[in-house]
A.B. asks: 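Pasting a structure here, questions to come.
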Amino acid sequence: MKLQPWIRTLFIAYVLRASCAYSSRPNFLLIMVDDLGIGDVGCYGNKTIRTPNIDRLAEEGVMFTQHLAASPLCTPSRAAFMTGRYPIRSGKWHLGLNCEKSDDFCHHPRSHGFDYFYGITNTNLRDCIPGHGSVFVAGAAKYIQATFQISFLALFTLVLISYSGLLNVPWKLIFYIVSVTSLLLGAVIFFFWNFQYLNCVLMRNDKIIQQPLVFDNLTQRITREALQYIKSNKDTPFLLFVSYVQVHTALYASQDFIGKSNHGIYGDATEEVDWSVGELLNELDRSHLQNKTVVYFTSDNGAHLEEISSSGEVHGGCNGIYKGGKSTSWEGGIRVPGLFRWPGMLESGMVINEPTSNMDIFPTVLKLAGSPLPQDRIIDGHDLMPLMQGERATSEREFLFHYCNAYLNAVRWNQRNSTSIWKAFYFTPNFHPKDSNGCFASHVCFCFGSFVTVHDPPLLYDLSKDPEEKNPLTPQTEPHFSEILKTIQHATETHKKTLQAVDNQLSWDNVIWKPWLQMCCSSWTEFCYCDYDYDFKLE
Ligand SMILES: *[C@@H]1O[C@H](CO)[C@@H](O)[C@H](O)[C@H]1NC(C)=O
Ligand SMILES: *[C@@H]1O[C@H](CO)[C@@H](O)[C@H](O)[C@H]1NC(C)=O
Ligand SMILES: *[C@@H]1O[C@H](CO)[C@@H](O)[C@H](O)[C@H]1NC(C)=O
Ligand SMILES: *[C@@H]1O[C@H](CO)[C@@H](O)[C@H](O)[C@H]1NC(C)=O
């Protein structure tokens with residue numbers, strides 16, 4: 001199925017065995033948490049959520065304080081992470097699972113280079129747990145209501161005209177309107193009534209093992225799977241990408257964690273993820289792989305501030321001092337935790353303040369794995385090893401373009417031979433309520449039309465002095481105001497010349513539910529129900 005693009009994501013816990021020929025090359029353990037805020041993590045300043053295992057990575061490795069997601073939204077950010085390129089260069093971000101048939105699995109990770117997969121190929125959603133509310137119904141309700149109001153009005157008018165004898169309205173027309181409306185209504189009701197069965201599905205490799213997905217112990221099960229993978233691959237170089245389903249809503253935590261944190265279910269889920277990270281690190285130690293494994297930890301974007309449950313509980317995290325959150329290009333939407341650990345090769349306890357991007361992971365991993373970068377495309381990321389090993393003091397990147405979906409939202413300029421880090425906004429989201437820190441009326445901030453304020457000249461900040469983005473500069477407060485904007489504008493034009501038009505992934509054809517692509521583990525008469533995860537015995 002296809003979902004609205006701004007919540008479409010690829011939350012997958014999956015693993016891949018890299019085809020490295022030399023055992024001297026490191027293993028990779030890449031960890032991504034979903035929607036975790038930079039302010040939720042102990043080593044980035046949180047005092048009340050307990051994340052000792054994530055903090056351990058900072059103590060034993062490198063901590064980036066200005067690590068930037070390539071987009072403030074899960075799907076494009078992940079697309080950039082996987083490709084080392086700006087998400088605008090790939091048209092398709094959220095791929096779903098199938099192309100032509102319900103079992104071709106054309107978009108399955110195993111069709112794209114991964115050897116082993118455990119996880120979900122759709123997004124995690126509130127709607128996946130009964131009682132957690134819906135992200136759709138509120139938004140879709142007004143469109144559905146409008147459709148039915150219009151149909152009803154048309155019908156009523158036709159009947160009235162026909163009855164009054166003004167015009168002879170063919171009964172066929174009335175019949176068509178009634179049938180089409182009922183069919184549409186039927187499909188919509190069917191989709192939402194069976195939401196969990198249709199959209200919340202757990203897979204191992206090409207097999208659907210739970211439909212609908214059961215959230216009980218899910219973080220533990222992902223952990224179990226990852227540990228098993230490390231154990232059974234300890235003699236061959238591997239790349240394991242553990243992409244937690246949490247702490248995106250729907251939130252859940254297992255018995256050992258529920259009610260244990262100071263921050264409700266959000267804190268419980270975060271602390272369970274931290275526990276899981278600890279299990280992975282312990283397994284590396286037990287398998288004597290700690291010095292042979294590069295560990296990377298991040299989040300796909302900033303915390304989703306507007307996530308408030310139907311009962312009013314805060315289900316979104318915290319972005320520390322930074323403004324805004326997920327779905328905005330304010331620092332709160334894109335500045336994420338970024339930790340690297342490789343004992344013996346990287347100094348422990350090192351802190352790097354230079355801007356870096358999650359697009360940098362791809363070239364860094366390729367370099368360390370001894371693979372050449374693809375030559376047939378532009379790679380926007382830079383190898384981070386020279387920076388982390390102290391060979392360079394400044395990042396190779398001078399400009400970073402911050403997109404909100406396909407719209408260029410802001411540009412960051414890490415000016416050479418200067419401590420300033422300029423950030424110019426072409427537009428900013430209209431917060432609602434006005435004095436709040438997010439778009440609470442619409443659940444996310446959108447990046448077009450009446451949802452934004454366009455700035456000409458762009459809104460300019462110096463992040464080195466104003467990381468909270470409180471005081472936009474003016475020609476009076478910044479003598480080089482217009483030169484700075486000119487340089488940024490020039491860089492933007494140069495960047496734009498490297499872009500090529502790609503398919504619009506937001507087209508109706510991409511978004512609409514296609515019943516014939518629907519995955520189903522049993523026959524339709526058995527209601528697509530399966531549960532095999534618990535009786536699975538790991539080899
Ligand atoms: C979840 O894990 C706990 C403790 O490990 C166990 O007691 C419980 O039965 C598990 N629940 C399921 C549904 O497997
Ligand atoms: C720690 O994280 C919690 C949960 O997101 C948040 O409520 C709290 O404000 C954070 N504390 C700090 C000091 O940022
Ligand atoms: C790993 O590397 C660290 C730092 O070089 C070293 O102190 C430690 O002894 C090494 N551990 C193993 C198991 O090789
Ligand atoms: C930065 O300063 C160095 C040495 O002072 C100089 O060689 C270099 O050209 C300068 N770079 C830029 C971009 O101005």
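Whatever order the structure lists ligands and atoms in, that order sets their numbers, starting from 1. Hydrogens, waters and symmetry mates play no part in the numbers below; they use all other heavy atoms, side chains included.
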A.B. asks: Does a salt bridge link R50 with D274, judged by any charged N lying under 4.0 Å from a carboxylate O?
C.D. replies: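 Salt bridge: no.
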A.B. asks: Check whether any N or O atom of D40, backbone or side chain, sits under 3.5 Å from an N or O atom of ligand 2, and answer yes or no.
C.D. replies: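 Yes; the residue has a nitrogen or oxygen that sits under 3.5 Å from a nitrogen or oxygen of the ligand.
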A.B. asks: In ligand 2, which numbered atoms sit nearer than 4.0 Å to a non-hydrogen atom of G317?
C.D. replies: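 Answer, ordered by atom number: 5 (O).
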A.B. asks: Quick one: nearest non-hydrogen protein atom to atom 9 (O) of ligand 2, plus distance?
C.D. replies: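 Checked against all protein heavy atoms, atom 9 (O) of ligand 2 sits closest to C318 SG, 4.1 Å.
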A.B. asks: Identify, by atom number and element, the atoms of ligand 3 in contact range of G344, meaning under 4.0 Å from any of its heavy atoms.
C.D. replies: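 Going through ligand 3 atom by atom, the ones under 4.0 Å from G344 are 4 (C), 5 (O).
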A.B. asks: Counting distance only, does the side-chain N/O of N319 pair as donor-acceptor with the main-chain N or O of A303 below 3.5 Å?
C.D. replies: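 Side chain of N319 to backbone of A303: a pair is present.
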A.B. asks: I'd like to check which ligand 2 atoms, numbered from 1 as shown, lie under 4.0 Å from a non-hydrogen atom of G39.
C.D. replies: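 Counting from 1, the qualifying ligand atoms are 1 (C), 2 (O), 10 (C), 14 (O).
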A.B. asks: Quick check on the 6.0 Å ring-centre criterion: do F215 and H132 meet it?
C.D. replies: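 Aromatic pair excluded; centres sit 6.0 Å or further apart.
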A.B. asks: At a 4.0 Å threshold, what atoms of ligand 2 neighbour a non-hydrogen atom of N46?
C.D. replies: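 Near N46, meaning under 4.0 Å from one of its heavy atoms, ligand 2 has 1 (C), 2 (O), 3 (C), 8 (C), 10 (C), 11 (N), 12 (C), 14 (O).
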A.B. asks: Please say whether more than 12 non-hydrogen atoms of neighbouring residues, nucleotides or ligands are located less than 6.0 Å from NE2 in H263.
C.D. replies: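 Count over threshold, so yes.
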A.B. asks: Short check: is a protein heavy atom less than 4.0 Å from atom 7 (O) of ligand 3?
C.D. replies: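 There is no protein heavy atom less than 4.0 Å from atom 7 (O) of ligand 3.
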A.B. asks: Are E469 and K423 within salt-bridge range, i.e. N to O under 4.0 Å?
C.D. replies: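 Yes, E469 and K423 are salt-bridged.
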A.B. asks: Tell me which one of K292, Q290, H288 gets a heavy atom nearest to atom 13 (C) of ligand 3.
C.D. replies: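 Answer by nearest heavy atom: Q290.
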A.B. asks: What are the atoms of ligand 2, with element, lying closer than 4.0 Å to any heavy atom of I49?
C.D. replies: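 Checking each atom against I49, I get 2 (O), 4 (C).
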A.B. asks: Who's closest to atom 2 (O) of ligand 3 heavy-atom-wise, of D285, L289, N291?
C.D. replies: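 Minimum heavy-atom distance to atom 2 (O) of ligand 3 goes to N291.
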A.B. asks: Classify the side-chain pair Q220/S254 by whether it contains a donor and acceptor separated by less than 3.5 Å.
C.D. replies: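 Yes, because at least one side-chain N or O of Q220 sits under 3.5 Å from a partner of the opposite role on S254.
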A.B. asks: I'd like to know if the side chain of H304 and the backbone of H443 have a donor-acceptor N/O pair within less than 3.5 Å.
C.D. replies: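 At least one qualifying donor-acceptor pair exists.
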